[in-house]
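Written below as structure tokens is the structure these notes are about.
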Amino acid sequence: MSVMTSAHIVRQRLRRVPLSVIVVSIILAVIVLLAVFAPLVAPFDPNKQTLLARLKEPGFSYRGMTYWLGTDDLGRDLLSRTLYGARVSLGVACLSVVVSTIVGVSLGMVAGWFRGWTETIIMRLVDIMMSIPAILLAVLTVAVLGPGFMKLVLVLGLTRWPRYTRIAYAQTLQVSNLPFIKASELAGAGAIRILLHHVLPNIAGPILIVVTAEFGLMILMESGLSFLGLGIQPPSASWGSIMSTGRQYIERAWWIVAVPGFGLFLLVFSVNVLGDWLRDQLDPRSRSR
Amino acid sequence: MSESQENVLEMRDVAVHFGGRGGFFGSSGAVVKAVNGVDLDIRKAETVALVGESGCGKSTLSNTIVGLQTPVSGSVKISGEEVVGADSRKLNDIRRKVQMIFQDPALSLDPRSTIGATIGEPLLVRGIARGKALKERVGELLTQVGLRAEHADRYPHQFSGGQRQRVVIARALALEPDLLICDEPVSALDVSVRAQILNLLVALQKRMGVSYLFVSHDLSVVRHICDRVVVMYLGRFVEIAERDTFFANPKHPYTRALMSAVPEADPAVQRSKQRFVLQGELPSPANIPSGCAFHTRCPLATEICSTVRPELTPRPDGALVACHHA
């Protein structure tokens with residue numbers, strides 16, 4: 001009985017999902033699948049150079065092999081590089097969002113729950129971090145730590161947490177005044193249990209919205225940093241680094257910039273549309289508008 | 001009144017103040033004297049009603065009893081154990097003996113936890129029961145409050161207001177407390193559900209011997225359930241009396257005003273009733289009037305009321321009243 005009703009509810013909800021959301025979900029799924037299965041899908045080794053086939057246009061054939069999206073300045077297949085680059089871009093974005101969510105949300109909940117000097121220290125630190133432009137902070141950190149995949153994740157994760165802290169802090173303040181939190185305290189639950197079992201599930205909605213917004217931003221930041229030469233180092237491909245080299249050949253080989261650029265556009269656009277829709281679903285005020 | 005019976009709650013000269021300390025920029029806010037020196041004993045299996053208008057310190061007093069609020073002075077003992085100044089471990093032990101029921105059942109249950117998890121939480125975190133034993137105990141508690149054991153897997157939004165309050169009561173009873181503080185437990189409920197919840201509380205008291213401190217502003221509810229009534233005004237008790245004495249012969253002018261505000265079902269009686277209407281608003285607890293705090297609104301007030309504060313004094317019928325004239 002209850003299974004039937006819940007299935008019914010799911011069906012009803014799905015019917016109300018707008019077409020744009022379904023389309024971007026499919027795009028996202030395709031991008032993620034292509035990135036995950038890049039070694040199976042890619043027609044070439046992304047780092048194999050064929051110097052006789054440099055800067056060839058899409059659809060060019062050489063020795064019986066077709067380069068569907070052309071080649072770059074070292075004769076590497078652009079399709080394969082873009083597919084492998086998606087792994088890096090998605091990987092960095094996912095991991096850095098996870099790192100900054102964990103750091104930011106825990107600090108925010110601690111500040112909102114314990115108040116007092118804990119709150120003062122954490123929230124002033126947030127103010128300081130937020131007043132420095134994120135890209136500048138990232139550039140500085142990379143300059144000190146040096147480039148690399150994990151370092152990039154660390155840099156992005158550790159510069160972006162204040163956003164989550166603000167949200168988690170404000171939400172925790174609100175939730176911790178509700179009687180059910182008081183009741184848990186009376187039941188004998190400790191701070192950690194209350195935060196993990198009662199506060200976190202009740203503040204997850206707004207945090208999820210920040211996560212989707214940040215995810216798109218992280219992909220852009222990774223591309224930006226790689227473009228500046230501070231992210232993924234050659235010969236590994238990332239969308240930013242492909243575009244960075246393609247920039248030099250833009251008047252002779254526009255496709256080097258255009259292919260990863262279009263991928264980036266599709267990915268960020270899809271994540272943002274999905275995030276907007278999710279926000280509307282979770283926030284009753286914006287749903288009624 | 002008999003000394004032989006054991007008291008589950010003993011409060012002596014409890015005062016709770018807010019603010020007053022100089023702020024960061026040197027501004028010193030006014031001291032809000034929410035509770036201002038009260039004594040209260042509650043015996044085993046007794047129900048005491050705490051009555052007063054909003055802002056008089058009722059909720060502050062109940063928070064103080066469970067240790068969520070620290071008093072500036074005085075002592076609160078629950079079954080002989082001191083709450084004031086207890087460290088968090090001790091406080092946790094004491095809270096086995098005192099639990100609380102809140103006004104709004106919709107807000108006192110975590111919307112993201114099943115009610116089984118909610119009711120079982122006190123038992124789980126204290127290591128009293130786990131696994132299968134916990135499940136059985138939760139089922140027992142649910143049946144005790146008139147729900148079914150299989151309700152444990154549901155979420156609060158699947159229940160009505162009255163059912164939710166039953167869940168809240170089940171959670172409060174999980175630790176088998178000696179004292180249950182009910183902070184307006186039925187004022188958020190439908191009139192039709194109110195009586196069911198009140199009857200449930202009465203039945204549970206008979207079965208388990210639990211005492212209630214029943215915070216309310218609804219005198220009809222108080223009359224239905226309580227043994228003794230305490231009237232609070234601006235942080236002090238102004239009248240304490242056994243229920244029958246209290247309703248038959250209210251003495252303090254504030255009590256009489258509260259009584260005359262209760263509407264009668266019969267319009268003829270209502271029209272002929274001599275209304276005892278108060279002037280003005282409740283003064284701010286940050287600026288309590290001198291002498292008797294009630295003198296600014298009291299129809300009986302004279303010279304002495306604005307200078308000398310009346311103490312609670314016993315009357316021939318056993319009531320304690322703090323008034324110069326009543």
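Keep in mind that this is a model prediction, so the values were computed, not measured. First the proteins, then the strands, lettered A, B, ... as listed; each starts at 1.
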Check whether [X] gets within reach of chain A through its side chain, its backbone, both or neither, counting any heavy atom under 4.5 Å.
X        : answer
B:Arg171 : side chain
B:Leu68  : side chain
B:Asn63  : side chain
B:Leu91  : neither

For A:Ile192, look at atom CD1 and say whether over 12 heavy atoms of other residues, nucleotides or ligands are found less than 6.0 Å away.
->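 It does not: A:Ile192 CD1 has 12 such atoms or fewer within range.
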*Whether over 12 other heavy atoms sit under 6.0 Å from B:Lys97 NZ*: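 Result for NZ/B:Lys97: enclosed.
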query: Is B:Pro156 close to A:Phe180 at the side-chain level, that is, under 4.5 Å between some pair of heavy atoms?
result: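 Sidechains of B:Pro156 and A:Phe180: no contact.
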Looking only at A:Gly190, A:Pro179, A:Pro201, most heavy-atom pairs under 4.5 Å shared with chain B are made by A:Pro179
Q: For side-chain contact (heavy atoms from CB on, under 4.5 Å), just list the numbers for B:Ser113 and A:His197, CA-CA rounded to whole Å, side-chain angles, deciding distance to a tenth of an Å, and then say yes or no.
A: CA-CA 8 Å; B:Ser113 293; A:His197 279 79; 5.9 Å; no
Minimum-distance pair of heavy atoms, taken over all atoms of [X] and [Y]:
X        : Y        : result
A:Ala183 : B:Phe102 : CB-CE1, 3.7 Å
B:Gln99  : A:Leu186 : NE2-O, 3.1 Å
B:Pro111 : A:Asn202 : CG-OD1, 3.3 Å

So NE2 of A:His198 and CD of B:Glu121: to nearest 0.5 Å the spacing works out to 3.5 Å
**Q.** Inter-residue atom distance A:Ile194.CD1 - B:Asp110.CG, 0.5 Å rounding
**A.**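 Rounded to the nearest 0.5 Å, the CD1-CG separation comes out at 10.5 Å.
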Check against side-chain contact (heavy atoms from CB on, under 4.5 Å), B:Leu124 and A:Arg193 = CA-CA 11 Å; B:Leu124 188 69; A:Arg193 189 187 157 86; 3.9 Å; yes
inquiry  = Given 3.5 Å as the limit, does a donor-acceptor pair link the side chain of B:Arg126 with the main chain of A:Ala187, or not?
reply    = yes
